[in-house]
Amino acid sequence: MAPAPDDPLATYRAKRRFDSTAEPSGAPVAAPTATVEGAYVVHRHRARRLHYDLRLEIDGVLVSWAVPKGPTLDPAARRLAVHVEDHPLEYGDFEGVIPSGDYGAGDVIVWDRGTYRSDEGTATDGLARGDLHLELTGEKLRGRFVLVRTSGRSRAGGDEGDSWLLLHKRDEHAVDGWDPEDHPRSVRSGLTNDEVAARGVGALDGPGDPVGPAAPIPTWPDATADELAALDALGAAGTWSLGGDEVELTNLDKVLFPAGPDGVAVTKRDLVRYWAQVAPHALPYLWDRPVNLQRFPDGADAPGFWNKAVAKRAPSWLATWDRPDAKEGKTVTHLVADRPAALAYLANLAALELHPWTAPTRSHRMPTWALIDLDPGPRTTWDELLVLARLHRTALDHLGVAAMPKVTGKRGIQIWIPVADGLAFEDTSRWVQQVSEAIGATVPELVSWAWGTEDRKGLARLDYTQNAHNKTLVAPWSPRPAAGARCRCRSPGTSSTTPASVPTGGPSARRSTASPPPATRSVP
Ligand code: MN
C-alpha cells in the first residue's frame, strides 16, 4: 500500500524492513493538532556512530533529532542536533537490537523519558519556526531547553538534515560539566547498551529483567538395573525406555570405537549404556544449552561431521531451542539435551562428541562460562602442560576467581570458569586473553601465539578464541573419537559406574557465587 502523500511516517516506513527489524511500523497518525505538551524520549543508539535521539511527541508523531554528543544539563554546552525523520509514537518504548544490514543497525536503549511543555506558543508552531522552548521533566533531563534551527536543509530532498542546536538554559536544574555518558543505563530496563546488545537481535519484551533468573540445576535419576538389562536384551535395534522416555535405537552392535591395545572394541550399545549411566553427572553441563554434535556414523576411525540442527524425525519429547536471530539458511532449531533419554538418542546418532554452548538458551549471547583452552603442541610434554595449568591456577587464585580444570580426553587441559549473568562474549574473551597473555609472557619457551599450527614450532597455544557465540569445547563426560576407548560399563547390574571411554572429568556444575572476573564489569 502506498503511503498517503501527507503521511508523516512515510519516510520512517520507507527506510525500514519490518519483516527484519523489530522496530514498530506505527499506527496511522491522527490529524495534526496544535501540541503544547506531550511525551519525550531520548534513545541512546549505537549505530555506525554512537548518538542520542531526542524525540518529542508533536502532532501524533515523535519528531526526532539525532544528537551526536547527547543532551546535557550543562548550560555552557551547545549540542548539534540533526533533524531526522518522524518516528511513530510506539517507538518511544523501543529498546533492542536492529539487525545488521537494516537501517540504523545497532543497539538502542531508552536512555531517558518524561514529558515536555512548550513555553512559547505551541510546539507545532515552534517546530515550523525553527525555535522550540521546552520545559522537560524526565528521569535524567530536567529544566528549560532550547532547540533552535541554525541552517536550512543541508541535504537534498526529504524532511531530514537540517541542523539545530540543543542547549540547556541556566536554571535551577543546570549542572556544569554534566555528561550523558556518565549515566549509561536505560530508564526502561536498567540495562546498558552492551547488555542489550548481548541479548541479540530483537526488541526487549518486558520492562526489565530481560534474561530471567537462572533456574536451579535439576537432578536426574540413575538408570535402573532393569533399564540397563532391557538395553542388553534388545536385538540389533528396538525401542528402549529410559527415565520414562522411549527412544528408537538402531545398529546397536555396530563398532563405534575400534579395539585399542586392550583388544576391546566399543559398540553403539556400549555408548548408549555409557551415556545412560553418566547422565546424572553430564546433564548439568548440557540441560539448558544448545549442543553441537560431532557425529561418526562409520566409527571413530572414519571421518565425522558437525551437526547442529535437529533431525526431522527426532522424538517428540526431545527439547529444542529456536534461535531467534538465526540468519537465513543457518540452523534455526537446535538440540538441547535435558534428560537421560536425550543422551541415548544422541548416542544412537553416533554423536561421539557433544559440544554445549557456553551460553544458555535464555541468554544465548551471554556466556555463563569463560573457557581457557591449554592446547599442547607436538613438542609440549605433559609436565609442561601441567606447568601452564598450575600457572593459570595461581593467577586465578590471585584474582579470586573460581575455576575448574578438565582434561580433554586427548592431550589438552581446559579451564572452565563460571561467570555471573550479564557478561558479553567480548568481556569474557578479552579477559581470558589478558590472563593467558600475562601467563604466556612468563614462560615464552612453552607458548606460541602464532595462528597457524605449523608456525608454532611445536609449542603450546593458549586459546582464548572459544569465548565467542556458538564456539564450543567438548563437554565434560563426552567421549572423544579415538580408537581404544576404555569401557568398563558393559555388564548391566554391576556396581561399576566408572565412566566409559576416556574420562574427561568435569568442572563444577554449580553457578559461581564468586564475583565475575575482575577485568569485566560487574552486574547489577
Ligand atoms: Mn538513531
Side-chain angles (χ1 to χ4, degrees), residues 8-18 20-26 29 38-58 61-72 77 79-114 116 127 132 134 136 138-141 145 147 149-151 153-155 157-166 179-181 183-189 191-204:
L9 295 178
T11 305
Y12 172 86
R13 293 191 182 110
K15 288 181 177 217
R16 287 168 179 80
R17 305 179 298 180
F18 295 107
S20 175
T21 182
E23 296 164 287
S25 56
V29 178
Y40 85 89
V41 62
V42 179
H43 285 112
R44 186 177 186 272
H45 182 186
R46 282 196 310 191
R48 214 162 28 198
R49 288 204 180 150
L50 168 68
H51 60 273
Y52 292 70
D53 291 295
L54 169 63
R55 311 187 194 280
L56 305 175
E57 177 191 2
I58 299 177
V61 295
L62 291 175
V63 178
S64 296
W65 290 262
V67 186
K69 291 187 173 175
T72 176
R79 294 286 158 87
L80 171 67
V82 179
H83 187 201
V84 298
E85 79 274 18
D86 295 342
H87 281 49
L89 294 181
E90 296 93 317
Y91 205 95
D93 203 37
F94 178 74
E95 186 161 274
V97 175
I98 302 169
S100 64
D102 280 271
Y103 180 75
D107 41 77
V108 179
I109 62 165
V110 178
W111 179 82
D112 190 33
R113 61 184 165 189
Y116 79 89
L127 183 64
L132 280 160
L134 309 166
L136 298 193
E139 296 185 41
K140 292 175 182 167
L141 300 181
F145 286 79
L147 260 170
R149 187 162 59 214
T150 60
S151 75
R153 288 180 184 158
S154 57
R155 285 184 226 157
D159 295 323
E160 308 164 57
D162 29 339
S163 293
W164 297 54
L165 280 180
L166 173 66
D179 184 350
E181 291 291 290
H183 308 268
R185 292 195 175 276
S186 164
V187 296
R188 177 178 181 268
S189 63
L191 300 175
T192 63
N193 280 79
D194 276 342
E195 288 161 356
V196 167
R199 292 191 62 249
V201 163
L204 212 64

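Just so it is clear, the structure is predicted and the values come from calculations on it, not from any experiment. Counting starts at 1 for both ligands and their atoms, following the listed order. Excluded from the calculations below are hydrogen atoms, water molecules and symmetry mates; all remaining heavy atoms, backbone and side chain alike, are included.
- Nearest N/O/S atom of His45 with respect to the Mn ion (ligand 1) is recorded as ND1.
- Separation of atoms CG (Leu89) and CD (Glu57) is listed at 5.0 Å; rounding is to 0.5 Å.
- Heavy-atom neighbours of Lys140 NZ from other residues, nucleotides or ligands within 6.0 Å: above the threshold of 12.
- Here the N, O or S atom of Asp53 that is nearest to the Mn ion (ligand 1) is OD2.
- Distance check for His51 against the Mn ion (ligand 1): an N/O/S atom falls below 2.8 Å.
- When atom types are taken as modelled, the side chain of Asp86 and the backbone of Leu9 share no donor-acceptor pair closer than 3.5 angstrom.
- Checked by atom type, the side-chain pair Ser20/Asp102 shows a donor-acceptor distance below 3.5 Å.
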